[in-house]
Number of protein chains: 2
Amino acid sequence: MKIQEVSEKFGISTDTLRYYERVGLIPSVTRTGSGIRDYSELDIRRVEFVKCMRGASLPIEVLIEYMALVQQGDATIETRKEILREQRDQLIARMAEMQKTLDILNHKIQVYESKILEKEKKIKIEE
Amino acid sequence: MKIQEVSEKFGISTDTLRYYERVGLIPSVTRTGSGIRDYSELDIRRVEFVKCMRGASLPIEVLIEYMALVQQGDATIETRKEILREQRDQLIARMAEMQKTLDILNHKIQVYESKILEKEKKIKIEE
DNA sequence: GTAACACCTGGAGTTGACTCCAAGTCAAGG
DNA sequence: CCTTGACTTGGAGTCAACTCCAGGTGTTAC
């Protein structure tokens, strides 16, 4: 699969895909003889993983570290697990914050809605 | 309440508090005669609101727009409600993405955990 | 009254994560 | 063979959101 297709499939620009590779987020993608990227199944699974993690704002640095450990094989499993656990905990914390914000937003929207209703009533009475 | 105390109360640096004021996120804080910030109850409620919204990553630009509308009074209620509704919807979408990521993280952690267990078993058998 | 310290301002610098660009290479159609 | 258009690289530029700094003023403890 060439870069253009991967870009469309995941909604990630080709520039970003190349950038991810450059910084080590996706270890060197397979190439054709002449050096053009030709994403393998594995490469695509990696892109998907990164897209998903970035979608939840896991920092690129952490993902780079994680990917490097994956490359190093089974000896790093314990460390990798720790990284994922920490990221998961932070994610849970962020989601809790967001839930609080969501509640406040919903509350404010409700207040606005009833204010708008009041205004409409007043107009009706004045008519 | 002076800036230092507000900073500690909310865990926002004084630089950030001044920055928020500068860009219009918190309309001009009350001052002492000599020009030193002295946050009123209202100012503090505003800081709290902004902190909460920023905690859920609502963009500063949107908050600036919202705050400007609040300043303009009741005529802008409808617009404000729309802004909040849109932000709420985006927040819900982001939380859904994060939930997916969380599920994957949990799954991966489980897989790692069972791999570690297997390794331990092997060691026991070899003993 | 003076030293030490918190506060002020405008503006420059930093960080993370892209995003764009120039200059060059390759592959397919006519 | 030559053009057209997608691909390559390294490096520079951009953007949001801070964060830091220099140079100046205010305020409190001794």
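What you are looking at is a predicted structure, and each value in this text was computed from that prediction instead of being measured. Naming: A, B, ... by sequence-line order, numbering from 1 per chain.
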Provide, to the nearest angstrom, the distance between the CD1 atom belonging to B/I12 and the P atom belonging to D/dA17.
14 Å
Figure out the CG/C1' separation between B/L58 and D/dA17, and round it to whole Å.
14 Å
I need the CG-P distance between A/D38 and D/dA6, as an integer number of Å.
18 Å
For DNA chain C, determine which residues of residues 18-25 of chain A have any heavy atom closer than 4.0 angstrom to one of its atoms, and list them numerically.
A/Y19, A/Y20, A/R22
If you count heavy atoms of other groups shown closer than 6.0 angstrom to CD of B/Q71, is the number above 12?
yes
Ring pair (Phe, Tyr, Trp, His ring centres under 6.0 Å) between B/Y39 and B/F10: does it pass, once the steps are laid out?
CA-CA 13 Å; B/Y39 288 74; B/F10 293 108; 9.0 Å; no
Side chain to side chain contact (heavy atoms under 4.5 Å, CB included) with A/H107: which of A/D103, A/I109, A/I104, A/V111?
A/V111
Can you check whether B/R31 has a side-chain N or O nearer than 4.0 Å to OP1 or OP2 of C/dT9?
yes
Would you call B/E78 and B/R85 a salt bridge, taking side-chain N to carboxylate O under 4.0 Å as the test?
no
Pairing donors with acceptors under 3.5 angstrom, does anything connect the side chains of B/R80 and A/Y112?
yes
How many whole angstroms separate atom CD of A/E8 from atom P of D/dA6?
11 Å
With the criterion being N/O to N/O and under 3.5 Å, what pairs connect the protein with nucleotides 21-25 of chain D, and how long is each?
none

Less than 4.0 angstrom from a charged side-chain N to a carboxylate O is my criterion; do A/E48 and A/K9 meet it?
no
Side-chain (A/R94) to main-chain (A/A56) donor-acceptor, under 3.5 angstrom
yes
Taken to the nearest whole Å, CD1/A/I26 to C1'/C/dC18 is 14 Å
Phosphate OP1/OP2 of C/dA6: any B/R37 side-chain N/O under 4.0 Å:
no
Quick one: on DNA chain D, does B/I60 or A/I36 contact a more 5' nucleotide (nearest heavy atom)?
A/I36
B/E61 CD - D/dT14 P separation (whole Å):
18 Å
Need to verify one output field. Residue with the more 5' nearest nucleotide on DNA chain C, A/P59 or B/G35?
B/G35
Nearest-Å distance for atom pair NZ/P, residues A/K2 and D/dT8:
10 Å
N-O pairing of B/E82 and B/R88 below 4.0 Å
no
Report the distance from atom CD of A/Q4 to atom C1' of C/dA27, rounded to the nearest whole Å.
16 Å
Ranking B/S57 and B/G33 by the position along DNA chain D of their nearest nucleotide, the one closer to 5' is B/S57
If you group Ile, Leu, Val, Met, Phe, Trp and Tyr by side-chain heavy-atom gaps below 4.5 Å, do A/L69 and A/V62 land in one group?
yes
